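One structure, pasted below without further comment.
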Amino acid sequence: MNAILRREQLSQDAATITFELNGQTVTGRENETLLQIAKREGIAIPHLCYMDGLAAAGNCRACVVEINGERVLSPSCCRYPSKGMKVTTNSERAVKAQKMVVELLQSDMPEVATTRHNEVDEWAAKLELGKPRFAPRERIVPDQSHPAIVVNLDACIQCTRCLRACRDEQVNDVIGLALRGNEVKIVFDMDDPMGASTCVACGECVQACPTGALMPARDAALSIPDKKVDSVCPYCGVGCQLTYNVKDNKILYVEGRDGPANHARLCVKGRYGFDYAHHPQRLTKPLIRRAGVPKRADMAMDPERVMDVFREATWEEALDLVGNRLSSIRDHYGKKALAGFGSAKGSNEEAYLFQKLVRTGFGSNNVDHCTRLCHASSVAALLEGIGSGAVSNPVMDVTKAEVVIIIGANPTVNHPVAATWIKNAVKNGTKLIIADPRRSDMDRLTHRFLQFKADTDVALLNAMMHVIVHEGLVDEQFIASRTIGYEELKHNVEGYSPELMAPVCGIDADTIRYVARLYATSKASMILWGMGVSQHVHGTDNVRCLIALALMTGQIGRPGTGLHPLRGQNNVQGASDAGLIPMMYPDYQRVDNPEAIMKFERLWGTTLDKEPGLTVVEVMHAAKEGKVRGMYIMGENPAMSDPDANHAREAMAALDHLVVQDIFLTETAYLADVVLPASAFPEKTGTFTNTDRLVQLGRQAIDPPGDARQDLWIIQQIAERMGLDWHYTDVSDVFDEMRRSMPTIAGITWERLLDEHAVTYPCTEEGDAGDAVVFTDHFPTATGKARFVPVEVIPAAEKPDAAYPHVLITGRQLEHWHTGSMTRRATVLDALEPDPVALLHPLDLERLGGKAGDLVTLTSRRGEVALYARVDEGTPVGAVFVPFCYYEAAINKLTNPALDPFGKIPEFKYCAVRLSLGGTSPLQGSYGGGQILTRAVVES
């Protein structure tokens, strides 16, 4: 088990030891090393192979100390105290040995520094060593084959910190130590160049390296920041804490911080995906569409017209136009003729003010955001079944589980740091079950991998419940005391025996039985899922099954158990909590509930619409039909993210007035009447809620470029021009109003966040610690009990046939995120994955007569795109997987807009397509055509 988890679990009940350190009596825990105790006592001992968070190796011997009665000096990094022990760190003998080790290592350092700080040099200075007396070894040529990391083994001291970071912490198993004696060296895979290895560029090795043997492949390695700003990661829902290192209003590099969700770990996006904020394509002036220039859904592909499309404007002119046009549409066509799409990338405060603007300024509940496209079905099922749309347990609870089931998710790609905790748990004995139509690289760690047929989730899960019921593995006491509806569910699963469902889902009956027994009988079982479960027309039914599994076995309400939908964007949980959904006020208080209506009318001082609004896809249909005539879109890109993207683009082009607030001229912004230049994540302060229900403070690190403005300021300016009298002088004022309206965060003060950086909700009273594990004794329902909801098998809305024989599955790539507007403008990330790809099983590619790298065209009933073929044995025969981040091959032109009837989520994970070899080559260059388009506007 890795050092962080061991430290956290053992320190609570470790015995206290009293011993002598440099002549003074000190105390320490029996599981603390002498080095850790000395550090706490203010005694500095040289150390190089030791690093907090990594298992001790004791191989550099720089930290040796003298222990009374022992002939040999002992490494303090892996020696523990015992009663009566006498330890001396500064004896002549110990210091002489420490100096010799550091001097020998210093002699091998490169003459020219490779990094901003070298721990060997730092310890040499502290030990007052002069110039080394020993000849250096033969110099080694640096390996510059990787876009993110330079390997300079000339500076390597074989401390193995990088190896342990890669093997024990990230569990990527890329770095090794090869050869013997004087020839020993760090290698990547089978001594491959780093750029050709299986390295995923998490950068953990760079963060661990003490000498610059591994360093960022940029000039930032030698730059000294003039300030450090603690914040959080702007990407996935894990919510990793990080530190921006800034100089001259520019982020030089990013370091992981010891936050609750990441303990200093980061992934490739968190560590290297920051320079999009400095990209030359940033919008810096308000833009207004030129008079007489029409909006066409296909116009974004016409770079020759860009300079004629928009003109620059002042903020006053742009905001006045926005306010006048939106107000005019509202007054002429009615309040429901306006709609707003908020952002899951923005802060909680931005989400709260945005939905408040739509409800009080526009006058309806036509407000939504990207949760509709990712976990809306999960939220619908969770609210229905257990009364809360959030997770029951944090990701870190996998380390306390005996069995972990991951279904419809690929954490190593979508939630890489969360994946490391899962991998750590497996190495410590947790049994991992993965169920997914696609195999991932995590299957090497699984106890069982269930590669079921796409679209058959319910068949598999009902079969598991059948086993649990028939073999008497249910928790009868839990069912009786804490649930309702079990008898109906028991009757429903009667027809779903593993033998009947095996040919349906593709998993043999014995395996279904084994996994069901394992989950039901373990002391602690946990389920995590992703959009592979939720993005179906039966997504809500899929989640109802997962809830039922947890309830019937009592695997909820305790550490190491529960239900965890892994959230996709950095603040999709917080944006949903803040009310950025059409049927819920903040804290999931229904807009058609009389008590909730009265509460928010009193708080906001206005009359509110009493009907749920339209969801994302419904808004697009209404816009195409002329029922919705004006829209305000902040930080979302539906022209890329919506299903049947051509239809979405046509709908937005049909609007009387479209306002887009963003940091780049996205595909959506290109269809706007007014474009408002906003602030990037590092340019704002606010709170963000991660997938664990952890409210964290993100701090502003740099200023917005040019005339770009803070998003909160822009929202308030539009509100003012629509007749609202708001008075917020600081982001903390908005948060305080949120606390008054949201009971789950009422106990979290702004001052506490400034001090603690992160607090878990529910936290209803000031001073409460917050509950990481919920539903321990009741569920937040009217009865206090959870509800079983039986479901039947419902097929996908569109099945393969002779004309379209393949299944299309969409999702994300490790290096890119969402629609790519940020990551494809991040230098390292774009260099790692520059081209649009379709992942195919080698047999399918062979049948096409193609090879890896060939162009293939995918065609559905809604459109076609051409991409480069990539061989992927994890993708099942008959299916193709495509990331949706590529503008030049926008795969959502093909996807089916059919909706789950409960969550109103589109079926992104299943539609019928046809594959053919060849096609028109996608646009070349960083961010494809997007780079051409935005550059033209900036230069105009």
Side-chain angles (χ1 to χ4, degrees), residues 192 195-198 301 410 413 436-441 443 449 451-456 506 532 640 643-646 796-816 820 824 830-896 907-925 928-929:
D192 298 316
S197 73
T198 57
M301 296 298 292
N410 188 355
V413 166
D436 200 286
R438 297 180 64 233
R439 278 189 176 271
S440 67
D441 61 357
D443 73 330
F449 194 102
Q451 191 170 14
F452 63 91
K453 296 177 183 177
D455 191 46
T456 63
M640 284 286 289
D644 192 4
N646 284 328
E798 182 179 82
K799 304 288 281 188
D801 55 23
Y804 300 94
H806 278 74
V807 172
L808 171 64
I809 304 171
T810 65
R812 289 184 174 136
Q813 271 182 311
L814 169 64
E815 295 79 8
H816 290 304
R824 296 198 70 198
D830 188 60
L832 289 169
E833 281 289 358
D835 299 312
V837 291
L839 278 61
L840 297 164
H841 193 279
L843 292 177
D844 281 334
L845 191 55
E846 183 180 340
R847 290 190 188 105
L848 281 176
K851 62 184 184 301
D854 284 349
L855 271 175
V856 293
T857 295
L858 276 61
T859 307
S860 79
R861 291 176 174 86
R862 290 156 294 277
E864 71 175 35
V865 298
L867 315 93
Y868 300 104
R870 178 175 291 177
V871 171
D872 176 39
E873 294 185 353
T875 299
V877 173
V880 55
F881 176 83
V882 180
F884 65 95
C885 59
Y886 292 98
Y887 165 85
E888 61 272 39
I891 198 60
N892 277 326
K893 291 180 179 179
L894 278 58
T895 49
N896 191 354
E907 190 158 50
F908 287 112
K909 287 295 186 282
Y910 201 101
C911 75
V913 296
R914 177 175 63 246
L915 273 64
S916 58
L917 200 61
T920 304
S921 179
L923 294 170
Q924 300 296 313

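Quantities reported herein were computed from a predicted structural model and do not represent experimental measurements.
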Is the number of heavy atoms from other residues, nucleotides or ligands under 6.0 Å of Lys799 NZ greater than 12?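 Atom NZ in Lys799 is crowded, with more than 12 foreign heavy atoms closer than 6.0 Å.
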Residues in side-chain contact (heavy atoms from CB on, under 4.5 Å) contact with Ser860, at least two apart in sequence or another chain: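 side-chain contact (heavy atoms from CB on, under 4.5 Å) check on Ser860 returns Arg862, Leu894, Val913.
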Distance in Å, Thr875 OG1 paired with Leu843 CG, rounded so as to fall on 0.5 Å steps: 12.0 Å
Going by the rule side-chain contact (heavy atoms from CB on, under 4.5 Å), which residues pair with Glu864 if we only count those two or more places apart in sequence or in a different chain?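 By the side-chain contact (heavy atoms from CB on, under 4.5 Å) rule, Glu864 matches Thr857, Thr859.
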What is the minimum heavy-atom distance between Phe884 and Asn892, and which atoms define it?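 Scanning both residues, the minimum pair turns out to be CB-ND2, 3.9 Å.
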Side chain Gln451, main chain Gly874, donor-acceptor under 3.5 Å: yes
Applying salt bridge (Lys or Arg N to Asp or Glu O under 4.0 Å), name anything that partners Arg861, two or more places apart in sequence or on another chain. Glu798, Asp801
Heavy-atom side-chain contact between Tyr887 and Pro836 under 4.5 Å: no
If we only count heavy atoms from C-beta on, is the Glu873 to Pro842 side-chain gap below 4.5 Å? yes
If you compare all heavy atoms of Ala866 against all heavy atoms of Thr920, which two are closest, and at what distance to 0.1 Å?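 Looking at all heavy atoms of both residues, the closest pair is CB-O, 3.2 Å.
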Sorted by chain and number, sequence neighbours left out, salt bridge (Lys or Arg N to Asp or Glu O under 4.0 Å) with Asp192 holds for none
By side-chain contact (heavy atoms from CB on, under 4.5 Å), which residues pair with Leu917, not counting sequence neighbours? Asp854, Val856
Lys NZ or Arg CZ of Arg438 over Phe881 ring: under 6.0 Å, within 45°: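 Output yes; distance and angle both within limits.
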For the residue pair Ala869 and Leu840, what are the closest heavy atoms and their distance? CB-CD1, 4.2 Å
Would you please test Ile891 and Leu858 for side-chain contact (heavy atoms from CB on, under 4.5 Å) and show each step? CA-CA 9 Å; Ile891 198 60; Leu858 276 61; 4.1 Å; yes
Using salt bridge (Lys or Arg N to Asp or Glu O under 4.0 Å) as the criterion, list what pairs up with Arg439, not counting sequence neighbours. Asp443
Under the ring pair (Phe, Tyr, Trp, His ring centres under 6.0 Å) test, which residues partner Tyr910, sequence neighbours left out?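 Counting only residues at least two positions away or on another chain, Tyr910 forms no ring pair (Phe, Tyr, Trp, His ring centres under 6.0 Å).
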Identify every side-chain donor-acceptor pair in residues 803-812 under 3.5 Å, counting partners at least two apart or on other chains, and give the distances.
{"unit_1": "Thr810", "atom_1": "OG1", "unit_2": "Phe908", "atom_2": "O", "d": "3.2"}
{"unit_1": "Arg812", "atom_1": "NH2", "unit_2": "His818", "atom_2": "ND1", "d": "3.1"}

Mind listing the closest non-hydrogen atom pair of Pro834 and Glu888 along with its distance?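 Heavy-atom minimum between the residues: O-OE2, 4.3 Å.
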Who pairs with Asp644 by salt bridge (Lys or Arg N to Asp or Glu O under 4.0 Å), at least two apart in sequence or on another chain?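 Not a single residue meets the salt bridge (Lys or Arg N to Asp or Glu O under 4.0 Å) criterion with Asp644.
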By side-chain hydrogen bond (donor to acceptor under 3.5 Å, both in side chains), which residues pair with Asp844, not counting sequence neighbours?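 Partners of Asp844 under the side-chain hydrogen bond (donor to acceptor under 3.5 Å, both in side chains) test: Arg847.
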Would you compute the distance between atom CG of Asp872 and atom CG of Leu845 and round it to the nearest 0.5 angstrom? 11.5 Å
What pairs with Tyr886 under ring pair (Phe, Tyr, Trp, His ring centres under 6.0 Å), at least two apart in sequence or on another chain? His816
Closest heavy-atom contact between Pro922 and Leu855?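 Pro922 and Leu855 have their closest heavy atoms at CD-CD2, 3.5 Å.
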Looking at every non-hydrogen atom in both residues, tell me the closest pair between Val865 and Ala889 and how far apart they are.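 Distance-wise, the nearest heavy atoms are CG1-C, 4.1 Å.
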So, using side-chain hydrogen bond (donor to acceptor under 3.5 Å, both in side chains) as the criterion, who are the partners of Glu833 when residues are at least two apart? Gln813, Arg870
